[in-house]
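These values consider heavy atoms only, across backbone and side chains, with no hydrogens, waters or symmetry-generated copies. Residue numbers start from 1 in every chain, and the chains themselves are labelled A, B, ... in the order their sequence lines are given, proteins ahead of strands.
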Number of protein chains: 2
Amino acid sequence: MLKTEKKVSFFDSVSPFVKVSPQSKSALLSVMVKEHFPKGHVLVPLGNICRHVYYIEKGLSRTFYIKDGKEITENFCIENTFTCSMPASITNIPDNRQIELLEASIIWSMSYTELEKLYDDYHDIERLGRFVVTNELVGMHQRLSDLQFRSAEERYNNLVQNNPTLLQRVSLGLISSYLGITQETLSRIRSKN
Amino acid sequence: MLKTEKKVSFFDSVSPFVKVSPQSKSALLSVMVKEHFPKGHVLVPLGNICRHVYYIEKGLSRTFYIKDGKEITENFCIENTFTCSMPASITNIPDNRQIELLEASIIWSMSYTELEKLYDDYHDIERLGRFVVTNELVGMHQRLSDLQFRSAEERYNNLVQNNPTLLQRVSLGLISSYLGITQETLSRIRSKN
DNA sequence: CTGATTTTTTGATAAATGTCAAAGGAAAAG
DNA sequence: CTTTTCCTTTGACATTTATCAAAAAATCAG
């Protein structure tokens, strides 16, 4: 694959916050593998330990697990974000999280092991890693406080406000699970407005 | 203050995971200020932008905010962990999180600005930062999945299982808020057992 | 276009949790 | 020791949300 094909929008989106040197950039790109996947493709199937980090250039993924026979959607990841099973990647302990693509997607994968080598060798890549994880953490704080003491209706209205696009791309069954409510409850909330 | 007084248990607890050079260690210690505070002391009062990171050598803190006139306890932090308002620290945008001490505590504070300077100068300190944030994120994942689809009773039993000490140190009103339920509901859950 | 499949809505009812008020208990202060 | 304050429990009732079943609507495959 030609170097010139390896343009990743990611560097543009973080460049205001993290300076990544040309050498680091090309080191990163050398461990990133770009692939096209169809809708429904499972990046991390059940039973696998997630040992890669995925950058979504185009498309949409969801992370989910099964509880009491039902699929619980933990998270959606869209263009220009990373996804992986964080607990599995860093602890190397299998969890039951699966990651599947909800749309035809362009995904850059990198092995977590190789990424860790880059962390050793390039300070600015480590910074990038810290930056990504820190941002993720701030997002989780928001999410947590939503679930802790907001009603289902407030959570739904928040989503409509902050992430209207997602509603157009994802079926309501998955959205309801993400919000921590049943599909029926979501339907009733929507019909109130 | 003598260097020899600046022993921090933290380095011991992370040393299996992150190697920190003697130089980095002393650079870190040079920006850390150790203080004793009484029970009830407010590290981050309402209206302040949290611009410090606090390491708890001894004691216990809680992070809380006010919603609809009620205090919501977002988090507890115990010995050998860090606390700060992550959203405020990294975005520099005021949030309404306060941090108070629930016990007489020994706290090491460091200014976030100075920490960022150390991140620039010492790769291994940046690694340490990434490590701390990543662990925090994994904990948040657990917490989130608890709130997303577990009943109040399951959440309480989880806490008893995973963090029995906390129950002995913190009043039930704060615990219930942390679990996302009312004090009355918690009381009833407890009386069932 | 048409039948099959999936998604969404609606209804009836049950379970979980919240709210308000008050009573008991425990801990702190004098 | 006694009083005051704070913490916890209990009761009655309201509200939110889940569950189960079925109908309606939308999407997909041929």
May I ask you to decide if A:Gly59's main-chain N or O and A:Arg169's side chain share a donor-acceptor pair within less than 3.5 Å?
yes
Degree of bending in the helix from C:dC1-D:dG30 to C:dG30-D:dC1 once both end axes are built from five pairs, to 10°:
50°
Side-chain cluster (under 4.5 Å, hydrophobic types only) that [X] belongs to, other residues:
{"X": "A:Ile93", "answer": "none"}
{"X": "A:Phe149", "answer": "B:Tyr65, B:Ile72"}
{"X": "B:Phe64", "answer": "none"}

Applying ring-ring contact (aromatic ring centres under 6.0 Å, His included), name anything that partners [X], two or more places apart in sequence or on another chain.
{"X": "B:Phe76", "value": "B:Tyr178"}
{"X": "A:Tyr112", "value": "none"}
{"X": "B:His141", "value": "none"}
{"X": "A:Tyr119", "value": "none"}

Let me know which of A:Ile56, A:Ile107, A:Val42, A:Leu60 forms a side chain to side chain contact (heavy atoms under 4.5 Å, CB included) with A:Leu101.
A:Ile107
Between A:Lys70 and A:Asp68, does any side-chain N to carboxylate O distance fall below 4.0 Å?
no
Using a heavy-atom cut-off of 4.0 Å to chain B, what are the terminal contacting nucleotides of DNA chain D, in 5' to 3' order?
D:dT8 to D:dA12
Where protein sits on nucleotides 14-30 of chain C, one letter per nucleotide: B base, S sugar-phosphate only, - none, heavy atoms under 4.0 Å
---SBBB----------
For nucleotides 5-8 of chain C, list the nitrogen or oxygen atoms of the protein found under 3.5 Å from its nitrogen or oxygen atoms, one pair per line.
unit_1	atom_1	unit_2	atom_2	d
C:dT8	OP1	A:Leu172	N	3.1
C:dT8	OP2	A:Leu172	N	3.0
C:dT8	OP2	A:Gly173	N	3.2

Scan residues 12-46 of chain A for pairs that pass ring pair (Phe, Tyr, Trp, His ring centres under 6.0 Å), counting only residues two or more places apart or in two chains.
A:Phe17-A:Phe131, A:Phe37-A:His41
Minimum heavy-atom distance B:Leu102-B:Val170, with the two atoms named
CD1-CG2, 4.1 Å
